[in-house]
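The figures that follow rest on heavy atoms only: side chains count, while hydrogens, waters and symmetry mates do not.
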Amino acid sequence: MSEARLLLIGPPGAGKGTQAHALSDALGVPAISTGDIFRDNVRNETELGRQAKAYMDAGDNVPDSLTNDLVRDRLGQDDCAGGFLLDGYPRTTDQVRALDEFLAGQGASMDAVIELVADPDVVVERLRKRALDQGRADDDESVVRHRLTVYREQTAPLIDVYAQRGLLSQVDGIGEIDQVTERIRSALAERGIRVPA
């Protein structure tokens with residue numbers, strides 16, 4: 001069991017979910033995605049879940065304030081005491097501030113941020129293949145290119161924040177899953193975070 005508070009960031013199709021689960025298993029910390037948090041709260045009909053569902057049903061983004069409440073609730077659970085791996089949060093600088101405040105209240109801070117870097121054309125091709133394999137409408141090429149643009153616009157400020165804090169490591173996200181995992185393992189090792197094989 002390693003104590004580590006990590007954030008995995010990268011464009012749609014960069015393999016964040018796959019890598020998050022591999023790292024979570026190796027480190028013995030939970031992989032936490034906002035999508036999973038939303039779905040769990042909606043399924044369990046919590047008060048926060050009911051509020052989130054109203055936005056989701058309308059096709060709107062869940063506001064920062066509600067997203068922050070949901071994530072704080074999740075990070076306050078016992079299995080996060082020794083660390084966690086975030087995927088998909090924070091997405092805005094306001095969410096970065098909320099996460100900072102929550103962690104400061106716990107006497108903790110982020111240990112490292114891994115940015116999975118991927119060539120947009122490779123990502124589009126990867127997601128087109130996933131669309132064919134899984135029949136996912138949100139992986140249509142024009143939709144994917146729009147999602148990549150939104151990602152760049154929303155995420156660039158976050159990357160700058162974490163780079164200025166000296167927490168950011170960029171890792172090539174293209175290649176076999178095991179190759180990318182090994183690159184992440186090496187980047188974390190340089191920061192003194194050992195990921196067991």
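Once rounded to the nearest 0.5 Å, the distance linking CD1 of Ile184 with CD of Gln19 reads 4.0 Å. Considering CZ of Phe84 and CG of Asp79, their distance stands at 11.0 Å, rounded to 0.5 Å. Rounding to the nearest 0.5 Å gives a distance of 4.5 Å between CZ of Arg74 and CD1 of Ile32. The line from CG of Leu27 to CD1 of Ile193 is 8.0 Å long, rounded to the nearest 0.5 Å.
Residues passing the side-chain hydrogen bond (donor to acceptor under 3.5 Å, both in side chains) test with Asp40 are Arg43, sequence neighbours excluded. Remark: Arg185 engages Glu182 in a side-chain hydrogen bond (donor to acceptor under 3.5 Å, both in side chains) (not counting sequence neighbours). Residues satisfying the side-chain hydrogen bond (donor to acceptor under 3.5 Å, both in side chains) criterion with Gln106, sequence neighbours excluded, are absent altogether.
Between Ala20 and Leu85, the closest heavy-atom pair is CB-CD2, 3.7 Å. Nearest heavy atoms, Ala187 versus Ile114: CB-CD1, 4.1 Å. Contact detail for Gly76 and Phe102: the closest heavy-atom pair is N-CZ, 4.0 Å. In terms of heavy atoms, Lys16 sits closest to Pro11 at NZ-O, 3.3 Å. Between Gly82 and Val29, the shortest heavy-atom contact is O-CG1, 3.9 Å. Taking all atoms of both residues into account, the shortest heavy-atom contact from Cys80 to Pro30 is SG-CG, 3.8 Å.
Residues Asp87 and Asp36 have side chains not in contact (no heavy-atom distance under 4.5 Å, counting atoms from C-beta outward). In this structure, Thr34 and Leu70 have side chains that are not in contact, with every pair of non-hydrogen atoms separated by 4.5 Å or more. Proximity of Arg50 to Lys53: side-chain heavy atoms (C-beta onward) are nowhere separated by under 4.5 Å. The closest side-chain heavy-atom distance from Leu86 to Leu99 is below 4.5 Å. At least one side-chain heavy atom of Val123 sits less than 4.5 Å from a side-chain heavy atom of Leu148. Side-chain contact between Leu188 and Leu6 is present, with heavy atoms from C-beta onward closer than 4.5 Å.
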Less than 3.5 Å apart, which donor and acceptor atoms pair up between the side chains of residues 150-164 and the rest of the protein, not counting sequence neighbours?
residue : atom : partner : partner atom : Å
Tyr151  : OH   : Gly10   : N            : 3.4
Arg152  : NH2  : Thr149  : OG1          : 3.4
Thr155  : OG1  : Tyr151  : O            : 2.7

Identify all side-chain donor-acceptor contacts of residues 165-173 below 3.5 Å with residues at least two apart in sequence or on another chain.
residue : atom : partner : partner atom : Å
Arg165  : NH1  : Asp100  : OD1          : 3.1
Arg165  : NH1  : Asp100  : OD2          : 3.3
Arg165  : NH2  : Asp100  : OD2          : 2.6
Ser169  : OG   : Arg191  : NE           : 2.8
Ser169  : OG   : Arg191  : NH2          : 3.3
Gln170  : NE2  : Glu115  : OE1          : 2.8
Asp172  : OD1  : Ile174  : N            : 3.0

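A donor-acceptor pair is defined here as one N or O able to donate and one able to accept, closer than 3.5 Å; such a pair exists between the side chain of Asn41 and the backbone of Ile37. At distances below 3.5 Å, at least one donor-acceptor pair connects side-chain atoms of Asp119 with backbone N or O atoms of Asp121.
More than 12 non-hydrogen atoms from other residues, nucleotides or ligands lie less than 6.0 angstrom from CZ of Arg72.
Both Leu7 and Leu103 belong to a common hydrophobic cluster when Ile, Leu, Val, Met, Phe, Trp and Tyr are linked at side-chain heavy-atom distances under 4.5 angstrom.
Taking a 4.5 Å side-chain heavy-atom cut-off between Ile, Leu, Val, Met, Phe, Trp and Tyr, the cluster of Ile177 contains only that residue.
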Are Arg97 and Thr92 close enough, and set up right, to give a side-chain contact (heavy atoms from CB on, under 4.5 Å), and what steps lead you there? CA-CA 9 Å; Arg97 276 192 290 278; Thr92 67; over 6 Å; no
